[in-house]
Amino acid sequence: MRSAFEGLLSRYGQSVTLTCAATGESKALRAFVQLLPRREEQLPLAASPLGAVSRERWLYLGGGGQPLAPGDRVDTGELALVVQEAGTVFWRDEALYQRAILRRRREAAE
C-alpha cells in the first residue's frame, strides 16, 4: 500500500522543501499541498490578541518515511508555510503517509 502511495507522489506530487525546526536540516521531497476549502460565508480573517490573522490553511500529504512536527517549514516555490499540526497515517503496522495542516509562515511565531 505504501509503495502505491509513493508512486502517486512521484508521478503527481509537487516538489517541496521540508526544513526540520529542531535540526535546521532541509530535504527535497514530493508531496501534495493544497488549500483546505472553507465555507463561503466565513471571512478569511480571524481576530486574535495580536490582531487579525488569516485562517487560510493548507493540507499536506507526504511520504510515510519522513515525519513532520509542528514548527517544521515547508516551501513549495510560491508558498512559505509552517506545520501547525502533523500526524502519521498507518496501514496495519506500516506508516502509509504523513498528514499535516500548514499555515503561512509569516503568521507563525518563529
Side-chain angles (χ1 to χ4, degrees):
M1 190 75 146
R2 183 174 171 181
S3 62
F5 184 76
E6 297 284 344
L8 290 171
L9 277 177
S10 65
R11 185 169 181 162
Y12 301 108
Q14 64 191 95
S15 297
V16 301
T17 302
L18 174 67
T19 304
C20 178
T23 64
E25 179 183 337
S26 293
K27 183 181 258 190
L29 302 171
R30 307 276 302 169
F32 298 112
V33 177
Q34 90 176 47
L35 187 63
L36 285 170
R38 58 182 172 79
R39 294 188 307 224
E40 290 300 318
E41 66 270 11
Q42 291 179 326
L43 293 174
L45 298 176
S48 78
L50 299 176
V53 294
S54 171
R55 291 191 303 200
E56 290 183 324
R57 300 290 181 253
W58 284 262
L59 175 65
Y60 171 100
L61 298 176
Q66 182 59 53
L68 293 107
D72 289 351
R73 297 186 312 252
V74 177
D75 294 293
T76 67
E78 58 272 346
L79 291 171
L81 305 167
V82 65
V83 176
Q84 183 174 350
E85 57 184 80
T88 304
V89 177
F90 288 90
W91 171 255
R92 299 185 180 164
D93 292 333
E94 182 179 33
L96 182 58
Y97 63 89
Q98 301 296 320
R99 179 188 182 279
I101 303 297
L102 311 173
R103 66 176 183 246
R104 287 190 189 271
R105 192 174 307 142
R106 70 183 179 327
E107 295 176 9
E110 295 184 352

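Quick note: numbers below take in every heavy atom, side chains included, and nothing from hydrogens, waters or symmetry partners.
- Applying the side chain to side chain donor-acceptor pair (under 3.5 Å) test to residues at least two apart or on different chains, the pairs with a partner in residues 77-86 are R57-Q84.
- Looking at every heavy atom in both residues, G62 comes nearest to A31 through CA-CB, 4.2 Å.
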Kindly list each side-chain donor-acceptor pair under 3.5 angstrom involving residues 15-24, sequence neighbours excluded, with atom names and distances?
| from | atom 1 | to | atom 2 | distance (Å) |
| --- | --- | --- | --- | --- |
| S15 | OG | R30 | NH1 | 2.9 |
| T19 | OG1 | S26 | OG | 3.0 |
| T23 | OG1 | E25 | N | 3.2 |

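- In this structure, V89 is not a member of the same hydrophobic cluster as V74, with clusters built from ILVMFWY side-chain heavy atoms closer than 4.5 Å.
- Taking CZ from R73 and CG from L68, the interatomic distance works out to 13.0 Å, rounded to the nearest 0.5 Å.
- What you find for A86 and A69 is that their closest heavy atoms are CB-N, 4.4 Å.
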Extract all donor-acceptor atom pairs below 3.5 Å that involve side chains of residues 92-99 and protein atoms in other chains or at least two apart in sequence.
| from | atom 1 | to | atom 2 | distance (Å) |
| --- | --- | --- | --- | --- |
| Q98 | OE1 | T88 | OG1 | 3.0 |
| Q98 | NE2 | G64 | O | 3.1 |
| Q98 | NE2 | T88 | OG1 | 3.2 |

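- In the hydrophobic cluster analysis, where Ile, Leu, Val, Met, Phe, Trp and Tyr join through side-chain heavy atoms closer than 4.5 angstrom, L36 is grouped together with F32.
- Tested against L102, the residues L59, V82, L81 include a single side chain to side chain contact (heavy atoms under 4.5 Å, CB included) partner, L81.
- Note: the hydrophobic cluster containing L61 does not contain L29 (ILVMFWY, side chain heavy atoms under 4.5 Å, direct or indirect links).
- Here ring pair (Phe, Tyr, Trp, His ring centres under 6.0 Å) pairs that include residues 56-95, with residues two or more places apart or in two chains, number zero.
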